[in-house]
Amino acid sequence: AICGVDKAHPIAAAGPDIFDSVDFLSSSRLSQLETPWPRNQELPREAVRVPSADDLVLSVSHAWNYQSHPDPLGNESTVIQGLAEQAVAVHRPIGEASLFYDFLSVTQRPFRAVQEERTEEQQQH
């Protein structure tokens, strides 16, 4: 394949079910998410993608100031979007930029009374 098309991203080496357990988001979709960012299981599925070999995969890790949501006021989301944009500008990937951000990438417990608990299957991943 030319330019890595149809080749797996190195993150696929983490195991055969990595993309069943972890979602990666198109960084270009971050600005379209509601504030506060939704839990993984409430994300629009079109925002989730499987990274290819040509993609830049970004991982965000930071302390949570609140127990049930990492950024309930939306202050961090603006910073994260800006950093993702800077990374794309610097690294200029052939493909897209995909983001791992735990709250968006793996299923979460409810932070609002109207939200459902994680399913048994979700809890196993």
For this session: Provide the closest heavy-atom pair for His91 versus Leu56 in the form atom of the first, atom of the second, distance.
Result: CB-CD2, 4.0 Å
For this session: Using atom types as modelled and distance alone, determine if a side-chain donor or acceptor of Gln108 lies under 3.5 Å from a backbone N or O of Asp102.
Result: yes
For this session: For the residue pair Thr107 and Asn40, establish whether any side-chain heavy-atom pair is separated by less than 4.5 Å.
Result: yes
Problem set entry | Spacing of Glu96 atom CD and Ser52 atom OG [to the nearest 0.5 Å] | 8.0 Å
Exercise. Where the side chain of Ser27 meets the backbone of Leu99, is there a donor-acceptor pair that is under 3.5 Å apart?
Worked result: no
For this session: For the residue pair Ser98 and Arg49, confirm or rule out a side-chain donor-acceptor distance under 3.5 Å.
Result: yes
For this session: Give a yes or no on this: more than 12 heavy atoms of other residues, nucleotides or ligands lie within 6.0 Å of atom CZ of Arg92.
Result: no
Problem set entry | With Tyr101, the side-chain contact (heavy atoms from CB on, under 4.5 Å) member among Ser59, Pro70, Ser61 | Pro70
Exercise. Got a second to check how far Ile80's CD1 is from Asn75's CG, nearest 0.5 Å?
Worked result: 10.5 Å
Problem set entry | Any side-chain heavy-atom pair of Leu73 and Pro36 under 4.5 Å | no
Exercise. Is Gln67 atom CD crowded by more than 12 heavy atoms from other residues, nucleotides or ligands, each under 6.0 Å away?
Worked result: no
Exercise. For the rings on His62 and Phe103, is their centre-to-centre separation under 6.0 Å?
Worked result: no
For this session: Please name the pair of heavy atoms, one in Pro51 and one in His9, separated by the smallest distance, quoted to 0.1 Å.
Result: O-CB, 3.5 Å
For this session: Report yes if some heavy atom in the side chain of Trp37 is under 4.5 Å from a heavy atom in the side chain of Leu30; otherwise report no.
Result: yes
Problem set entry | Asp71 side chain to Gly74 backbone, donor-acceptor under 3.5 Å | yes
Exercise. Do Leu43 and Leu104 come within less than 4.5 Å of each other through their side chains, counting heavy atoms only?
Worked result: yes
For this session: Using atom types as modelled and distance alone, determine if a side-chain donor or acceptor of Asp55 lies under 3.5 Å from a backbone N or O of Ala97.
Result: no
Exercise. Hey, what do you get for CG (Leu33) to CD (Gln81), rounding to the nearest 0.5 Å?
Worked result: 7.5 Å
For this session: State, with a plain yes or no, whether a side-chain heavy atom of Arg29 is found less than 4.5 Å away from one of Val48.
Result: no
Problem set entry | Non-hydrogen side-chain atoms of Val88 and Ser28 separated by less than 4.5 Å | no
Exercise. Side chains of Val60 and Phe100: does their closest heavy-atom pair fall under 4.5 Å?
Worked result: no
